[in-house]
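Working notes for the structure below.
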Amino acid sequence: MKNPAPQTIYLSDYTPPAYLVDSVHLTFKLGATDTRVISRIAFRPNPDATSKEFFLHGQDLRFVSAMIDGAPITPDLSAEGLRYDAPDAPFVFEAEVEISPSTNTSLEGLYMSNGMYCTQCEAEGFRKITYYPDRPDVMAVFTVRIEGDLPVLLSNGNPVAQDEGWAEWHDPWPKPAYLFALIAGDLVALSDTFTTRSGRKVDLNIWVRPGGDEAKRAFGMDALKKSMAWDEEIYGREYDLDLFNIVAVDDFNMGAMENKGLNIFNASAVLASPETATDADFERIEAIIAHEYFHNWTGNRITCRDWFQLCLKEGLTVFRDQQFTGDMRSHAVTRIDDAMVLRAHQFREDNGPLAHPVRPDSFVEINNFYTATVYEKGAEVIGMLKLLVGDADYAKALDLYFDRHDGDAATIEDWLRVFEDVTGRDLSQFARWYSQAGTPRLTVHESYADGTYQLHLRQETPPTPGQETKEPLVLPIAVGLLNENGAEVVPTTVLEMTQAEQTFSFGGLSSKPTASILRNFSAPVIVKHDKTNAERAFLLAHDTDPFNRWDAGRTLAQDLLMRMVCDNATPDTGFLDGLAAVLRDDTLDPAFRALVLRLPSEEDTAQALFDAGHTPDPAVINDVHETLKLHIAQHLQDTLPRIYADMSVDGPYTPDAEPAGKRALGNAVLALQSKLDGGKAAAQQFASADNMTQQLGALRALLQIAKGAHELAAFEAQWGHDRLVMDKWFALQVSLAPADQAAATAEKLTAHPDFDIKNPNRFRAVFGGLRGNTAGFHHRSGAGYDLLADWLIKLDPLNPQTTARMTTAFDTWKHYDTERQTKIREALERIAGTSGLSGDTHEMVTRLLG
Ligand code: ZN
């Protein structure tokens, strides 16, 4: 009864729940293999119901007993849950079940991680804890009693009472079951307080297991307080309980989880110290803490009616955490980072067999839809909405949303309606962004005559699986015009494109301007604009919009890399001089200069080649990237040591944006310099580094030139005791291994005593490292494909969710030559043919095979 036959669920089939829940009492009698869960649930018929069927989800539960209004019942049990012919009137349902947390390796429901009991219920994990209507539109007030011989026993809400061996918790805010959480273990807290603007004093704790992680909590606490203050200031949202707990867990499938009042974090997403975490880790942690905290309003107080509406909470919360990061750090750099992530992951998803709308209309396993499309494109859609209605109306619409829907399980229609009500706009065309998959291509032609400049725009979205034809979208296109001196003759203007083809005119000009189009990446589209390299170089030197300035350099580099692949081109001095000018411009933020210096990834080049109608060869791409880096290093030879020296940071390490930017540029320069000095400067930096950013930056520079064996060993000796740092050690070796050794390196590391298939961070370090090594993963031998398939087959029975996510490594397979395609198809078919394959993985390989 383990694997219920997978069934496709459709948005259009939504029906309201037959029964609603007023209150839930849960008692947990903890035991590693025999936890008893006793539930008492007050049900009442839903007046809006269309069915009267009493059905409670339940999975992998050992049924002990059940009662209705105190009388024992014998319900119908199946692999999916419990059915009973229940009264058409309010009643109390009670049940007792037994579960086994220590053998639960799926990391969903109640499980154990290094001696700690913890839960993960989103999306459908609560049904592995007890029988319940496990759907987000059933919201209830929870009271929880935990009995167990452990010092710390936590659940949602506020503590009611506790003593040796037990604790009781009450959460006054009605919530869906996916926000339930329980933690029990030997834990120590870093504690602090935050006073909300209305004067509520909130106790804050970050909990870890004792023995090493204590010193890594301070940064997260600081980020939490900043997040709380920011949400008050920018969105007017206050925290609503007396207590906010964060717990770090070693074994976790995702980044973190926004359980009401008890956020549970992957240790990697909350713990940081200067010696163990990089600047990028600090920034990511700050963003994830903010993200989970912001969910308290966008997700918890207002939740989703059903899982098709996932972007309602995730798109909005990502948008909010991106705004926060921009406010805390640099708006320009944050926007560039976010666009790079979107292009690398979401555009890739949109261009392959896994493409789906921001709001999907069907799924088999909802776990497979926590995607870049739902999260990152979902955030972009909100950014466009804000740009279209303006900041003031955006703020009004959000106020109305919080007002009108507090306590609701809402839909995208509800969300759009608040904008329509505030602005009087008709958003029916805009709503296509939620239902239409695929990345629009925006083709730009220009003309100029008699002082009038015209932009002729055409939008076209290629077909995606299940969606052959596409309708025009509403595109906000931010445009500025520059004259030949780089002065802005038309400042940023937002054009609102609604037709498939449209022309926009700008009159009264004295000469033909250079257009800067899609400023600040105002819409998630691919721009096709046949600009000359001279125009791009001009924008790289002069654009007043930092995003487009960076993007001009990016496009130049991408274009050059493609010409090197296709036409054996050699790097032109125009490009190299443009880079040099940015690098030497001390008035520019070092973080920005580091971004300009960073070339598109090999994966980016593979995608760009495919888009242009070529079949990418990862080995050639790898060669060309190496060649270009060497050219850049040689061209900048005289400048590199000076910039490297300029980027040294005085005083003790802080993860703030300014010194982090200097270290980013320092590391970028070091990587180039290593191509010339055989790794001398990098070895020095490794030896003297007092922070992980510089230690790892040096190690990376060495591995990139096939050096660093000594440093790799020293690193292991120094950090063998630290799980999170060792994840970096595992990942780096695989991701930077020479292409013909990548699979062998990964395989060797799976035999390392510290490799643990059950720990998702470690599994992802090795196999995420492998897929990230584009030339290595796609090595013509097929060894990378075979190894990944072998290990996904091993992981699937233990952890279907992480297995399914990792299959996305194959999602570009149709871009490659027939030899590679044949090998990947074999790997996918081997996974698909595995007996007892999980529904999660089965759905993914089926979609991948198309
Ligand atoms: Zn989220």
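The model shown is predicted, which means the values in this text are computed figures rather than measured ones. Each ligand, and each atom within it, is numbered from 1 in the order the structure gives. No hydrogens, no waters, no symmetry mates; every other heavy atom, side chains included, goes into these values. Nothing fancy with the numbering, it's 1 onward along the sequence.
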N/O/S atom of E314 under 2.8 Å from the Zn ion (ligand 1), yes or no?
-> yes
Name, closest N/O/S atom of H291 to the Zn ion (ligand 1) = NE2
By atom name, which N, O or S atom of H295 is the nearest to the Zn ion (ligand 1)?
-> NE2
With distance as the sole criterion, is a donor-acceptor pair present between the side chains of T325 and E283 under 3.5 Å?
-> no
Just by distance, with hydrogens left out, do E413 and Y434 show a side-chain donor and acceptor under 3.5 Å apart?
-> no
N-O pairing of D60 and R127 below 4.0 Å |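 No.
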Between F430 and F419, is the ring centre distance below 6.0 Å?
->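 Not close enough - the centres of the two rings lie 6.0 Å or further apart.
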